[in-house]
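Input: a single structure, listed below in structure tokens.
Remember, it's a predicted structure, so these values are computed and weren't measured experimentally.
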Amino acid sequence: IQERRTYLQSEKLVEMPKDALQSLLQAENDGSKFSMTPADVSAEATALLLAGTRTITQTMCYALHYMLLNPTTYRKAVAEVRTAFPHSHTITYLECKTHLPYIEACIYESMRIHAIANTSLPRVVPTDGVYIQGHFIPQGTVVAVNIAGAHHHKGTWETPRVFIPERFIDNPNAKKNVFSFSFGARPCPGRNLAIRELLVLFSNMLKNYDFELPEDSLFKPEVLDKHGHPQVMPSIQNLILGPKYPDRDCRVIIRKAA
């Protein structure tokens, strides 16, 4: 941020940059009632960086993790993409939506079963309080939605602990119950971009490369948890949910597809 400020004041400036950081800086101390302080700019820039990168990489990490723990799912997704497209072809988003419904279902199921953001952003109850499903919440109370709880609610999802991408096939209503990008009037502004990135990256990745777990992996299809499902690697909640021991658990063998 400071480098950009210095550049804007230097003689090297030829044309005003056109990006998100520039928009933030232009709102800094501009005299309006919505002007931003330097701390505001720093916070918003950090949020944009984390929300636009780590969320995508962590979602792809868990999607691949769950697919390798469920070999039938992995083989089905690979067969879908390699049957539809030759190795030399770069798949576009429109082609993903048209020809790869199962891979899209795998991504949605991964976001459902292992939400990267476990809760919505908190809100403060306004003056006079509010009733939520018959319960009175007084003024000033901080409230948030338990996204992970909603994604595992047995009233909405059958066998919610099981990784079943098929639940999203020919079922458009299922996607409406996935709240990974929040919901309501102020959902994640990067939702559409994120879905496009996930579909395009994941589809081309499965088309071009073979993936398998190493022999010494602690988490394999035959290693089951107390519910009888494949044991998932442990996670830790920082700003978003991610692997607790990435160096140990996020290892896969990658080979270029024949």
Side-chain angles (χ1 to χ4, degrees), residues 20 44 46-70 73-74 77 93 96-97 100-123 142-206 229-230 232-244 246 249-250:
E44 292 299 325
T46 301
L48 285 173
L49 180 63
L50 292 175
T53 55
R54 287 193 64 197
T55 50
I56 296 295
T57 57
Q58 300 292 35
T59 299
M60 290 185 65
C61 171
Y62 280 104
L64 183 61
H65 182 59
Y66 274 95
M67 291 176 73
L68 292 178
L69 293 179
N70 296 270
T73 298
Y74 172 74
Y93 171 70
C96 292
K97 291 291 293 183
L100 305 176
Y102 192 71
I103 289 179
E104 182 180 17
C106 288
I107 292 172
Y108 270 93
E109 177 67 346
S110 175
M111 293 191 296
R112 180 201 69 81
I113 200 170
H114 206 104
I116 299 302
N118 274 329
T119 65
S120 66
L121 293 176
R123 299 286 187 265
V142 178
V143 296
V145 175
N146 184 347
I147 293 176
H151 285 181
H152 286 256
H153 194 278
K154 292 182 179 179
T156 304
W157 307 97
E158 185 177 354
T159 56
R161 294 181 181 274
V162 185
F163 187 75
I164 308 175
E166 286 79 3
R167 68 174 91 236
F168 289 93
I169 299 295
D170 297 325
N171 184 11
N173 288 329
K175 294 180 182 179
K176 297 178 182 179
N177 290 320
V178 174
F179 304 133
S180 299
F181 299 100
S182 192
F183 52 94
R186 296 179 179 84
C188 172
R191 172 176 181 165
N192 291 332
L193 176 60
I195 290 295
R196 282 162 171 76
E197 288 180 344
L198 287 168
L199 275 173
V200 170
L201 290 171
F202 209 67
S203 297
N204 282 287
M205 187 175 75
L206 293 179
H229 311 310
V232 177
M233 62 181 171
S235 302
I236 186 170
Q237 182 78 47
N238 291 315
L239 186 60
I240 60 175
L241 194 67
K244 187 174 184 178
D249 300 335
C250 296

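- Residues L241 and Q58 have side chains not in contact (no heavy-atom distance under 4.5 Å, counting atoms from C-beta outward).
- Taking both residues in full, the closest heavy atoms of F202 and A63 are given as CZ-CB, 3.9 Å, listed atom of the first, atom of the second, then distance.
- Salt-bridge annotation for E109 and R167: present, with a side-chain N of the basic residue lying under 4.0 Å from a carboxylate O of the acidic one.
- Between H65 and S110, the closest side-chain pair of non-hydrogen atoms is not below 4.5 Å.
- Only one option out of R191, H151, H114 pairs with S180 in a side-chain contact (heavy atoms from CB on, under 4.5 Å); it is H151.
- Nearest approach of I147 to A115, heavy atoms of both residues: CG2-CB, 4.1 Å.
- The shortest side-chain heavy-atom distance between K154 and T159 does not fall under the 4.5 Å cut-off.
- Rounded to the nearest 0.5 Å, atoms CG (L64) and OH (Y74) are 7.5 Å apart.
- The nearest pair of heavy atoms linking W157 to A150 is NE1-O, 3.2 Å.
- When all heavy atoms are compared, the tightest approach of P165 to Y102 is CG-OH, 3.9 Å.
- Separation of atoms CD1 (I107) and CG (L201) is listed at 9.0 Å; rounding is to 0.5 Å.
- Scanning both residues, S203 and L199, for their nearest heavy atoms gives OG-O, 2.7 Å.
- Rounded to the nearest 0.5 angstrom, I169 CD1 and Y108 OH are separated by 12.0 Å.
- Atom CZ of F181 is separated from atom CD1 of I116 by 10.0 Å, given to the nearest 0.5 angstrom.
- E104 places a side-chain heavy atom less than 4.5 Å from the side chain of K97.
- In terms of heavy atoms, P230 sits closest to N70 at CG-OD1, 4.3 Å.
- Rounded to the nearest 0.5 Å, atoms OG1 (T119) and CD (Q237) are 7.0 Å apart.
- For the pair T73 and Y66, the minimum side-chain heavy-atom distance is 4.5 Å or more.
- Between atom CZ of residue F183 and atom CG of residue N177 there is a gap of 11.0 Å, rounded to the nearest 0.5 Å.
- Atom CG of D170 has 12 or fewer neighbouring heavy atoms from other residues, nucleotides or ligands inside a 6.0 Å radius.
- No side-chain N or O of E197 forms a donor-acceptor pair with one of Y93 less than 3.5 Å apart.
- Side-chain contact between P243 and D249 is absent, with no heavy atoms from C-beta onward closer than 4.5 Å.
- Taking 4.5 Å as the limit, every side-chain heavy atom of T57 sits out of range of all side-chain heavy atoms of M60.
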